[in-house]
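Numbered from 1 within each chain, the chains take letters A, B, ... in sequence-line order. From a predicted model like this one, the values you see are computed outputs, not experimental measurements.
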Amino acid sequence: MTSGGERMDNYLKLEIPAKSRNEAFARVVVAAFAAQADPTIDEISDVKTAVSEAVTNAIIHGYENNPSGTILLSATLAGRRLEITVVDYGVGIEDVEMARQPLYTSKPELERSGMGFTIMENFMDEFSVVSLPGQGTTVTMARVFDGSLPGKPEQPYGREA
Amino acid sequence: MQVRIRAKGETLVVQMRGELDHHAATGLRMEIDAKLAENKIKNVLFNFRDVDFMDSSGFGMILGRYKAVREKGGKVLACSLRPPVRRVFELGGLTSRIPVFGTEQEALDDLWGGEDG
Ligand SMILES: Nc1ncnc2c1ncn2[C@@H]1O[C@H](COP(=O)(O)OP(=O)(O)OP(=O)(O)O)[C@@H](O)[C@H]1O
Ligand SMILES: [Mg+2]
């Protein structure tokens with residue numbers, strides 16, 4: 001619970017193996033951590049989806065489903081701003097610009113549709129990818145819990161029919 | 001994720017509960033494809049009533065079934081989308097390919113209404 005206007009700074013660091021069951025674990029951890037800043041249900045839902053995308057990418061692309069890979073997940077809260085970093089030491093990305101294009105996927109045979117980066121970009125206020133081929137990938141993203149749509153401050157969430 | 005799959009005539013109704021992510025989609029894909037191999041099945045209806053989370057892996061699984069079913073002349077439908085699922089459907093343009101209904105009954109009525117009058 002927030003106590004009267006007090007600024008809440010906090011952080012978490014988590015190391016998990018690249019196993020698909022950890023996708024759910026990672027998003028639940030971040031959701032519980034973010035709850036300290038009183039996000040709306042929609043905001044929490046967006047953050048969970050973005051975390052799921054980043055962790056899933058580390059597992060299936062970074063480590064190509066090899067569960068001995070390690071994923072580092074960290075998050076910081078500064079007031080109502082949540083920043084999340086997901087790091088893998090996997091294969092990396094040759095061309096980040098191309099990888100970020102909507103609908104681009106290097107694994108169509110696995111029924112991937114190239115939506116992950118697009119979701120992270122649309123569901124968070126800030127989003128960046130840094131990658132080195134052969135060394136790994138770092139995804140950093142942030143969201144401010146102010147009740148507005150991601151990336152568009154002052155536009156409140158409307159309930160869709 | 002818990003799943004209940006049942007056949008209603010030529011339509012497979014896939015009732016899901018929980019979170020549709022990569023982990024869940026992998027198992028569900030195999031289950032559905034096994035049923036689709038039974039030749040009386042033509043259409044698939046995904047009931048999202050109890051699904052509170054879906055990411056791109058769930059999206060890819062749905063889109064993949066849509067392509068496979070359509071190739072065999074059937075239809076894929078969805079019903080009872082909750083806001084977080086609807087958001088991913090819309091961002092990926094899935095709502096323009098797959099008809100979405102408020103309830104399972106409305107979806108089935110539409111299918112059956114469309115067959116021989
Ligand atoms: N952690 C990573 N390590 C290596 N390559 C990555 C990583 N994350 C993304 N990529 C590359 O970027 C591409 C685009 O990623 P994105 O998440 O947008 O789509 P996808 O994972 O292929 O499909 P979807 O997310 O819709 O299932 C991937 O196909 C892959 O080639
Ligand atoms: Mg992805």
Side-chain angles (χ1 to χ4, degrees), chain A residues 16 18-28 30-31 40-63 65 67 102-105 107-124 149-151 157-161, chain B residues 1-2 16-33 36 44 48 51-71 76 79-98 100-103 106:
Chain A
I16 46 176
K19 297 184 178 183
S20 66
R21 49 177 69 252
N22 281 333
E23 293 152 7
F25 178 67
R27 38 178 209 266
V28 168
V30 174
T40 65
I41 290 170
D42 292 320
E43 286 168 340
I44 273 296
S45 161
D46 286 358
V47 165
K48 281 175 72 178
T49 312
V51 168
S52 198
E53 296 302 342
V55 172
T56 302
N57 277 354
I59 294 171
I60 57 176
H61 301 299
Y63 293 121
N65 286 310
L103 308 184
Y104 171 81
T105 181
K107 291 195 163 38
E109 74 282 3
L110 296 184
E111 290 191 347
R112 293 280 138 200
S113 41
M115 284 280 298
F117 282 150
T118 306
I119 286 176
M120 292 183 245
E121 202 151 0
N122 278 274
F123 285 21
M124 300 296 279
L149 282 170
Y157 256 106
R159 285 251 167 265
E160 278 159 333
Chain B
M1 150 158 281
Q2 286 166 272
M16 303 159 284
R17 177 190 292 273
E19 308 204 317
L20 185 49
D21 64 0
H22 164 226
H23 188 72
T26 307
L28 185 51
R29 171 181 290 118
M30 291 196 296
E31 260 187 84
I32 295 174
D33 286 354
L36 281 177
V44 180
F48 280 92
V51 178
D52 44 33
F53 178 91
M54 181 179 84
D55 63 13
S56 69
S57 302
F59 181 95
M61 188 277 292
I62 304 285
L63 187 63
R65 305 288 76 58
Y66 164 80
K67 288 177 177 164
V69 165
R70 205 182 51 160
E71 224 161 78
V76 168
C79 71
S80 315
L81 305 194
R82 293 162 73 168
V85 174
R86 180 175 288 274
R87 207 152 136 64
V88 174
F89 256 70
E90 282 173 354
L91 184 63
L94 214 47
T95 37
S96 61
R97 301 189 189 194
I98 296 178
V100 175
F101 297 87
T103 64
E106 284 172 42

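Contacts between L110(A) and chain B at a heavy-atom distance below 4.5 Å involve the backbone alone (N, CA, C, O). When heavy atoms are compared at a cutoff of 4.5 Å, S20(A) approaches chain B by way of both its backbone and its side chain. Both the backbone and the side chain of L91(B) come within contact range of chain A, with heavy atoms under 4.5 Å apart. Looking at T49(A), both its backbone and its side chain come within 4.5 Å of chain B, counting heavy atoms on both sides.
In this structure, the salt bridge (charged side-chain N to carboxylate O under 4.0 Å, His left out) partners of E19(B), at least two apart in sequence or on a different chain, are R27(A), K48(A). The salt bridge (charged side-chain N to carboxylate O under 4.0 Å, His left out) search around K107(A) returns E64(A), not counting sequence neighbours.
Residues S113(A) and L63(B) share a closest heavy-atom pair of CB-CD2, 4.3 Å. What you find for D21(B) and A24(A) is that their closest heavy atoms are OD2-N, 4.0 Å.
The local environment of CZ in R29(B) is crowded, with over 12 non-hydrogen atoms from other residues, nucleotides or ligands closer than 6.0 Å. Counted within 6.0 Å of CD on E71(B), heavy atoms from surrounding residues, nucleotides or ligands total 12 or fewer; the atom is thus considered open.
Side-chain contact check for H23(B) and E23(A): no donor-acceptor pair (N or O, by modelled atom type) lies under 3.5 Å.
By the 4.5 Å heavy-atom criterion applied to side chains, I119(A) and V88(B) are counted as neighbours. Counting only heavy atoms from C-beta outward, the side chains of N122(A) and R87(B) never approach each other to under 4.5 Å. Residues S56(B) and R112(A) are in side-chain contact: their nearest non-hydrogen atoms beyond the backbone lie under 4.5 Å apart.
Expressed to the nearest 0.5 Å, how far CD of E53(A) lies from OG of S57(B) amounts to 6.5 Å.
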